[in-house]
2 protein chains.
Amino acid sequence: MVIDDDRLVVTSLKTILEADAEIQVVGTGTSGRQAIELYHKTKPDVLLMDIRMEGMTGIKAAEKILAADPEAKILFLTTFSDDDYIVSALRLGAKGYLLKQNYESIIPSLKAVQMGLRVFGDQIITKMPLALGTDKTSTVEYDLNEKELAIITQVANGLSNKEIAQALYLSEGTVRNYISVILEKLQLRDRTQLAIFYYKNLKHA
Amino acid sequence: MVIDDDRLVVTSLKTILEADAEIQVVGTGTSGRQAIELYHKTKPDVLLMDIRMEGMTGIKAAEKILAADPEAKILFLTTFSDDDYIVSALRLGAKGYLLKQNYESIIPSLKAVQMGLRVFGDQIITKMPLALGTDKTSTVEYDLNEKELAIITQVANGLSNKEIAQALYLSEGTVRNYISVILEKLQLRDRTQLAIFYYKNLKHA
DNA sequence: TTAAAAAGATGACATTTGTCATCTTAGAAA
DNA sequence: TTTCTAAGATGACAAATGTCATCTTTTTAA
């Protein structure tokens, strides 16, 4: 679902999003009030909403939506990364914010949020208990960027390094380097454990 | 849940099963009538039931249970592998049969059934669409024996060949050979795809 | 008791994988 | 512009993996 008080933004976002076969825009609106109403009607997987809007701000709308449904996945659109509102928005339980300039990262970020991750600018963050290994029950926070997430997805689809390289237009060596970094970040040993991690923690999270 | 008209069998089965931390015996009984009554009360993950019993046979009881709950997972206990009843039992929708002599294979078979597989003697069978790969939607039937299933489970836990060997008291080479056979049977390429297969098709199936 | 299967082990081999240090290049910042 | 930095590429390397053919040992069946 897409909410922005600039109708042009709404339209272009809708176009961009619907070009992706996995995404469906189930509703659009141009005000906080519409956001609340539409949200409860359509229960979207993710609500993409402008943070500054005339009348009711995105923050206020988010507050009401989250009060009724704490599981709501709200991703804010913002023009300035230093927007003061952002902090309070995140404190409410929003899943992150996205710079409007950054059109290319909208879709991956949206998918990341749908998977249960959080997004800040172009950093994708996940906070969850580590289910693998022996008995680590502590909650750790991981930082993964878009590219890393894309590679994890490929590994979790069972592709080899060579195949991932072809799919993402990288060299095989680069893919290996990425995976090495990912394994270090997530404290895993090999791609099999990474795939397992994906199915236990990221998929449907 | 355990049903057998020999009280001694019930008791010893209960003891064997409860020694496993992952298993809980939620009810026991000694007749088909009790089986039906208890089944609906406790809704066990798996019902382990003798096939020959005085009064109502296990078959009859299974028939009634399956009529009310087609998802019921019923595993028959039998003394003779050539028991004529078995065929009709399986046709009803039972998940398999188990020779009473074979005490060691009770637990792995039980777990296999809980995962959605079927068990015949000591053959564990799985019939399901292949979710991996490109676009194979056909339903294939795989044959996996206990040992193979045990190894798959370890792979899906992220263990290396060396670790699996230690865990199962085998040599590393043997583990490799097993995995090679498993990959061939399931038409997969490497252990990562095997782990993925496990989470997509076997776990919680 | 002997023959025939299974189950397991071994060794050799080609690939794949993960790690690291080092390089190139392109974009951001000064 | 020049400098700095991040993304990507390369090459070398050890270890892990998957495949095979060949043995040995155990179990089962005749």
Side-chain angles (χ1 to χ4, degrees), chain A residues 81-82 99 101-105 108 121-124 132 143-152 154-198, chain B residues 80-82 99 101-105 108 120-124 132 143-152 154-198:
Chain A
S81 63
D82 56 346
L99 302 186
Q101 289 88 350
N102 233 3
Y103 264 38
E104 324 82 54
S105 57
D122 58 351
Q123 282 294 304
I124 293 170
L132 256 182
D143 275 39
L144 303 168
N145 60 39
E146 278 171 37
K147 203 107 217 175
E148 288 167 344
L149 200 67
I151 287 184
I152 292 177
Q154 302 295 324
V155 169
N157 276 330
L159 301 212
S160 70
N161 290 333
K162 197 176 301 203
E163 290 168 331
I164 296 174
Q166 284 189 303
L168 304 184
Y169 304 103
L170 296 173
S171 82
E172 188 189 332
T174 301
V175 172
R176 296 222 214 129
N177 291 338
Y178 267 110
I179 289 181
S180 190
V181 169
I182 292 169
L183 294 178
E184 172 61 28
K185 281 189 182 178
L186 300 181
Q187 288 292 298
L188 301 173
R189 200 175 46 192
D190 53 47
R191 69 201 298 107
T192 303
Q193 294 192 346
L194 180 56
I196 295 169
F197 178 88
Y198 177 86
Chain B
F80 311 103
S81 63
D82 54 348
L99 301 186
Q101 289 88 349
N102 233 4
Y103 265 38
E104 324 81 56
S105 57
F120 300 93
D122 58 351
Q123 282 295 304
I124 294 170
L132 257 180
D143 274 38
L144 303 168
N145 59 39
E146 280 171 33
K147 203 105 217 175
E148 289 167 344
L149 198 66
I151 287 185
I152 292 177
Q154 302 296 324
V155 169
N157 276 332
L159 302 211
S160 69
N161 289 333
K162 197 175 301 205
E163 290 168 331
I164 295 174
Q166 284 190 303
L168 302 184
Y169 304 104
L170 295 172
S171 82
E172 188 188 333
T174 302
V175 172
R176 296 224 214 126
N177 291 338
Y178 267 110
I179 289 181
S180 189
V181 169
I182 293 169
L183 295 178
E184 172 60 27
K185 281 190 183 178
L186 301 180
Q187 288 292 300
L188 302 173
R189 199 174 47 193
D190 54 47
R191 67 199 301 105
T192 303
Q193 294 192 346
L194 179 56
I196 295 168
F197 179 86
Y198 177 86

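Here is how names work: the chains are called A, B, and so on, in the same order as the sequence lines, proteins then strands, and each is numbered from 1.
Taking atom CG on Leu183(A) and atom C1' on dT19(C), their separation rounds to 10 Å, with Å as the unit. Here dG18(D) presents its C1' atom at 17 Å from NZ of Lys185(B), a figure rounded to the nearest Å. Separating the CD1 atom of Ile151(B) from the C1' atom of dG8(C) is a distance of 11 Å, rounded to the nearest angstrom. In this structure, CD of Gln187(A) is placed 11 Å from P of dT19(C), rounded to the nearest angstrom. What separates CG of Asp190(A) from C1' of dT17(C) is a distance of 9 Å, to the nearest Å. When the C1' atom of dG8(D) is taken as reference, atom CD of Glu148(A) falls 13 Å away, rounded to whole Å. Atom P of nucleotide dT15(C) and atom CZ of Arg191(A) are separated by 18 Å, given to the nearest angstrom. Rounded to a whole Å, the CD1 atom of Ile179(B) is 15 Å from the C1' atom of dT16(C).
Distance check: Ile182(B) CD1 to Leu194(B) CG gives 6.0 Å after rounding to the nearest 0.5 Å. Of the inter-residue distances, the one linking Asn161(A) atom CG with Asn177(A) atom CG reads 10.0 Å to the nearest 0.5 angstrom. For the atom pair OG1 (Thr192(A)) and CD (Gln193(B)), the distance works out to 10.0 Å, reported to the nearest 0.5 Å. Taking CZ of Arg189(A) as the start and CD of Glu184(A) as the end, the distance is 14.0 Å to the nearest 0.5 Å. If you take CD on Glu146(A) and CD1 on Ile151(A), they are separated by 12.0 Å, rounding to the nearest 0.5 Å.
Looking at the side chain of Arg176(A), the nearest of the listed nucleotides dG18(C), dG18(D), dA16(D) is dG18(C). In the set dG8(D), dT17(C), dT19(C), the nucleotide with an atom closest to the side chain of Tyr178(A) is dG8(D).
A heavy-atom distance below 4.5 Å is not found between the side chains of Leu168(B) and Val175(B). Contact check for Thr174(A) versus Tyr178(A): side-chain heavy atoms found under the 4.5 Å cut-off. Put simply, the side chain of Leu186(A) reaches to within 4.5 Å of the side chain of Phe197(A), judged on heavy atoms.
For the segment residues 167-174 of chain B, the set of residues with a heavy atom within less than 4.0 Å of an atom of DNA chain D is empty.
Of the side-chain N and O atoms in Asn161(B), none sit less than 4.0 angstrom from OP1 or OP2 of dA16(D). Regarding contacts with the backbone of dT17(D), every side-chain N or O of Lys162(B) stays at 4.0 angstrom or more from both OP1 and OP2. One finds no side-chain N or O of Arg189(B) lying less than 4.0 angstrom from the OP1 or OP2 phosphate oxygen of dG18(D). Neither OP1 nor OP2 of dA16(D) sits under 4.0 Å from any side-chain N or O of Ser160(B).
The side-chain contact (heavy atoms from CB on, under 4.5 Å) with Arg191(A) is formed by just one residue from the set Ile196(A), Leu183(A), Ile179(A); it is Ile179(A).
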Taking only nitrogen or oxygen atoms into account, show me every contact under 3.5 Å that the protein makes with nucleotides 21-28 of chain D, one pair per line with its distance.
none

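The backbone N or O of Leu159(B) lies less than 3.5 Å from no partner atom in the side chain of Gln154(B), so there is not a single donor-acceptor pair.
Of all heavy-atom pairs between Ala156(B) and Ala195(B), the closest is CA-CB, 4.3 Å.
Direction of the helix axis in the helix from dT1(C)-dA30(D) to dA30(C)-dT1(D) shifts by 30° between the two five-pair termini, rounded to 10°.
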